[in-house]
**Q** 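Following this message is one structure expressed as structure tokens.
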Amino acid sequence: MKLFILITLFGFSLTQHNPHFKHGRTTIVHLFEWRWSDIAAECERFLAPKGFGGVQISPPAEHIVLDNPWRPWYQRYQQTSYKLCSRSGTEEQLRDMITRCNNVGVNIYVDTIINHMAATGGGEGSHSSCGSWFSTITRDFPSVPYSAWDFNGHKCKTGSGEIENYGDAYQVRDCNLVGLLDLALEKEYVRGKVSEYMNNLADMGVAGFRMDACKHMWPGDLENIYGRLHNLNTKWFPANSRPFIYQEVIDLGGEAISYKEYTPLGRVTEFKFGAKLGYVFRKWNGEKLSYTKNWGEGWGFMYSGEAVVFVDNHDNQRGDGAGGPSILTFWESRLYKMATGFMLAHPYGQARVMSSYTWDRKIVNGHDQNYWQGPPNFGDGTTKPVIINQDQTCGNGWICEHRWRQITNMVQFRNVVNGQPVSNWWDNQSNQVAFGRGNRGFIVFNNDDWSLDLTLYTGLPAGTYCDVISGQKEGSSCTGKQIFVGVDSRAHFQISNTEEDPFIAIHVDAKL
Ligand code: AAO
């Protein structure tokens, strides 16, 4: 019996918690709404050389095309079939991207929508990305095919057919989420179709799946579907590798459904992480950076090995999908870089970096009127390519946070210190903190309104190190600050509160 429990715990479920990174890499970047051909190029020219572990891609399946509002990003969360042509490109381009990214050791994780199809208001016709006909009126999606039988209508007990109360687990799982036609995942036929879709992607070489809207699916249905998935393609992954599964469950507490129902099946998005981190760096609600001494489980987060963490995601960076006003985004770049630096320096959770595009932000009464705006496009709705400027930042409206030097270099920091515990913690009981990761790296933050000027024990071997925030190591010199670690492992740090980036990070791979 004990052996059986051990096998189920470690043999089956925990394998789906493993992202299968290569070459000691540690971090996922969400290239939100990028075209497949741009992602392929980015894997080769930037992500692999800089040490990114993988990319979360936007949903690749056929989706509705909406006119009102005009081509919103969220049309991709309303699928009309499992054909692989989307706003990001064709099936051939998708396959080419997966191959090229795998060939340089960068994994692909697919944003996967199996809870629902398009929404009730979607009408009928062929306004979908591969031109497939569908009807949300009669609930017909002949290109799958699904028909009315395959949806949950009858099971939902609310008058509107919608989720009306998040305190009722049955409504949340059996009714429509914002009008999205809810699939009957207990049906053998539906389970077969969604797993066929996922297996098609697994066979093409993806490393795993970001499972959308898991709160709205019964864990038993998910367990059944995950159990049908093929192992990863052995062209790029060791035999018997299970797909990495990370499930979107928004659990800030106070609802009927707990993240705990999902962690045995795969990892889960920890939404408390970004919300709390926002409070800490904004110094709202009396929060202080020094309170992060027990960051992680000590703050009521799920177990580190179960969590996927992020400062912001594609929903809450626009003010939706949980997190609230504390969420930091590229719009507040100074605090955002610090918060992302903190996430990447700290060992808690599987980190995901957001990479965004800009939109005409217009906040009225706390709501962004242009929440819906799709990626940079040519006016006819086709997505503009990502262009790379002289200074390695992106153009054409793409923000590319992952290319900001401070963030890229912290992704490398995380690789260099991987496996090392937090060590040599120091704080001033306010908003100045420092900590190391064993004898591999050390970071110092000053989020107070006064300067930091002191000598700290780093745990690092003696030598001259390049700060990877103000610059980096290039050849045999530093382009930014230099930090001298003495034979006693102590070093002097000076950070003015008025600096562009009031933090310093050093690691053994950036030693002269
Ligand atoms: C669009 C329109 C809708 C329209 C619909 C159909 O916006 O008005 O009815 O089309 O025509 C995306 C977009 C949606 C879009 C949809 C379909 O975000 O705007 O709808 O595509 O095109 C819930 C779910 C969660 C979901 C989140 C957005 O639980 O799974 O809503 N996220 C994923 C994706 C997302 C996508 C979908 C799912 C659908 O990441 O991009 O939608 O595929 C509470 C609950 C949460 C709930 C939020 C809703 O959160 O706990 O479970 O998330 O409410 O905002 C405090 C609370 C916190 C609460 C939060 C509310 O912080 O503590 O618990 O407030 O913000």
Side-chain angles (χ1 to χ4, degrees), residues 30 32-33 56-59 61 63-80 86-87 110-123 127-129 136-137 160-169 171-173 175-183 194 209-217 222 246-259 261-262 268-276 278-279 300 308 310 312-327 352 354 356 359 366-375:
H30 181 193
F32 178 51
E33 283 283 6
Q56 179 180 314
I57 63 167
S58 283
H63 54 83
I64 198 167
V65 174
L66 294 171
D67 288 338
N68 187 21
W70 176 257
R71 310 292 188 260
W73 60 268
Y74 60 68
Q75 62 187 14
R76 298 181 72 168
Y77 291 84
Q78 300 194 35
Q79 289 169 180
T80 55
S86 65
R87 197 173 200 170
V110 177
D111 195 349
T112 309
I113 296 137
I114 62 170
N115 173 64
H116 52 263
M117 298 296 280
T120 43
H127 47 296
S128 52
S129 55
T136 66
I137 302 161
S160 62
E162 290 292 303
I163 300 166
E164 295 173 359
N165 173 10
Y166 274 89
D168 176 349
Q171 283 188 26
V172 176
R173 266 84 175 244
C175 299
N176 291 345
L177 164 67
V178 296
L180 300 161
L181 292 171
D182 207 48
L183 283 165
V194 299
F209 304 94
R210 177 260 184 199
M211 300 301 298
D212 183 72
C214 285
K215 186 192 279 184
H216 308 281
M217 298 185 276
L222 289 175
Y246 56 111
Q247 306 164 98
E248 188 224 14
V249 179
I250 299 175
D251 181 4
L252 298 173
E255 287 183 14
I257 294 164
S258 162
Y259 73 84
E261 298 173 56
Y262 297 88
V268 171
T269 50
E270 178 51 279
F271 276 81
K272 291 175 189 156
F273 186 100
K276 293 286 184 194
Y279 278 104
V308 167
F310 42 93
D312 60 332
N313 80 350
H314 69 282
D315 290 322
N316 65 19
Q317 72 169 198
R318 325 181 131 63
D320 191 34
S326 72
I327 296 298
R352 180 180 65 193
M354 182 69 202
S356 317
W359 70 94
H367 291 284
D368 189 339
Q369 305 298 299
N370 290 327
Y371 161 86
W372 56 271
Q373 276 182 2

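Treat the numbers as computed from the prediction; the structure is a model and nothing was measured. Counting convention: from 1, in listed order, for ligands and their atoms alike.
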**Q** With distance as the sole test, does His116 use its side chain to make a donor-acceptor pair with the main-chain N or O of Tyr77 at under 3.5 Å?
**A**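 Answer holds: yes.
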**Q** What protein heavy atom is closest to atom 63 (O) of ligand 1, reported as residue, atom name and distance in Å?
**A**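 For atom 63 (O) of ligand 1, the nearest protein heavy atom is Leu252 CD1, 3.3 Å.
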**Q** Are any side-chain N or O atoms of Trp372 and backbone N or O atoms of Trp70, one a donor and one an acceptor, separated by less than 3.5 Å?
**A**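 Answer holds: no.
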**Q** Is there a donor-acceptor pair under 3.5 Å between the side chain of His127 and the backbone N or O of Gly122?
**A**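 Yes, because the side chain of His127 sits within donor-acceptor range (under 3.5 Å) of the backbone of Gly122.
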**Q** What part of Leu180 sits under 4.0 Å from ligand 1 if we count only heavy atoms: the side chain, the backbone, both or neither?
**A**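 Under 4.0 Å from ligand 1, Leu180 contributes side-chain atoms alone.
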**Q** As a test of the contact definition, would atom 65 (O) of ligand 1 count as having a protein heavy-atom neighbour under 4.0 Å?
**A**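 So atom 65 (O) of ligand 1 lacks protein heavy-atom neighbours under 4.0 Å.
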**Q** Using a 3.5 Å distance criterion without hydrogens, assess whether the side chain of Glu162 forms a donor-acceptor pair with backbone atoms of Glu164.
**A**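 Not confirmed, Glu162 side chain does not pair with Glu164 backbone.
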**Q** To which protein heavy atom is atom 44 (C) of ligand 1 closest, and what is the distance rounded to 0.1 Å?
**A**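 Residue, atom and distance for the closest contact: Glu255 OE2, 3.9 Å.
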**Q** So does Tyr259 get a backbone contact from the side chain of Asp251, meaning a donor-acceptor N/O pair under 3.5 Å?
**A**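 Indeed, once roles are kept as given, a pair shorter than 3.5 Å links the two residues.
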**Q** Could you identify the single nearest non-hydrogen protein atom to atom 32 (N) of ligand 1 and state the distance to 0.1 Å?
**A**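 Checked against all protein heavy atoms, atom 32 (N) of ligand 1 sits closest to Glu248 OE2, 2.8 Å.
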**Q** Can you report which non-hydrogen protein atom sits closest to atom 38 (C) of ligand 1, along with the distance?
**A**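 Scanning the protein heavy atoms, the shortest distance from atom 38 (C) of ligand 1 goes to Asp212 OD1, 3.1 Å.
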**Q** With a 4.0 Å heavy-atom cut-off (strictly under), which part of Met211 contacts ligand 1: side chain, backbone, both or neither?
**A**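 The answer is neither; Met211 stays 4.0 Å or more away.
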**Q** Quick check: does any side chain N or O of Arg352 sit under 3.5 Å from a backbone N or O of Phe310, one acting as donor and the other as acceptor?
**A**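 No, because the side chain of Arg352 does not come within donor-acceptor range (under 3.5 Å) of the backbone of Phe310.
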**Q** Looking only at protein heavy atoms, which one is nearest to atom 14 (C) of ligand 1, and how far off is it?
**A**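 Result for atom 14 (C) of ligand 1: Tyr371 OH, 3.9 Å.
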**Q** With a 4.0 Å heavy-atom cut-off (strictly under), which part of Trp73 contacts ligand 1: side chain, backbone, both or neither?
**A**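 Near ligand 1, Trp73 shows its side chain, while the N, CA, C and O stay back.
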**Q** Identify the protein heavy atom lying closest to atom 47 (C) of ligand 1, giving its residue, its atom name and the separation to 0.1 Å.
**A**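 Going by distance alone, atom 47 (C) of ligand 1 is nearest to Tyr166 OH, 3.5 Å.
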**Q** Under 4.0 Å, heavy-atom basis, I'd like to know which part of Ala119 is in contact with ligand 1: side chain, backbone, both or neither.
**A**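 The part of Ala119 near ligand 1 is the side chain, not the backbone.
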**Q** Would you say Ser128's side chain and His63's backbone share a donor-acceptor pair under 3.5 angstrom?
**A**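 Judged by distance alone, no pair lies under 3.5 Å.
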**Q** Checking contacts here: is it the side chain or the backbone of Asp315 that comes within 4.0 Å of ligand 1, counting heavy atoms only? Could be both or neither.
**A**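 The side chain, only.
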**Q** For atom 52 (O) of ligand 1, what is the nearest protein heavy atom, given as residue, atom name and distance?
**A**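 Result for atom 52 (O) of ligand 1: Lys215 NZ, 2.6 Å.
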**Q** Among protein heavy atoms, which lies nearest atom 50 (O) of ligand 1, and at what distance?
**A**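 The closest one turns out to be Ala322 CB, 4.0 Å.
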**Q** Would you kindly specify which portion of Trp372 sits under 4.0 Å from ligand 1, judged on non-hydrogen atoms: side chain, backbone, both or neither?
**A**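 Neither; nothing of Trp372 gets under 4.0 Å from ligand 1.
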**Q** Salt-bridge test for Arg173 and Glu261: reply yes if a basic N is under 4.0 Å from a carboxylate O, no otherwise.
**A**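 Salt bridge present between Arg173 and Glu261.
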**Q** Given that the side chain starts at C-beta and the backbone is N, CA, C, O, which of these parts of Asp320 lies under 4.0 Å from ligand 1, counting heavy atoms, or is it both or neither?
**A**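 Looking at Asp320 and ligand 1, just side chain atoms fall under 4.0 Å.
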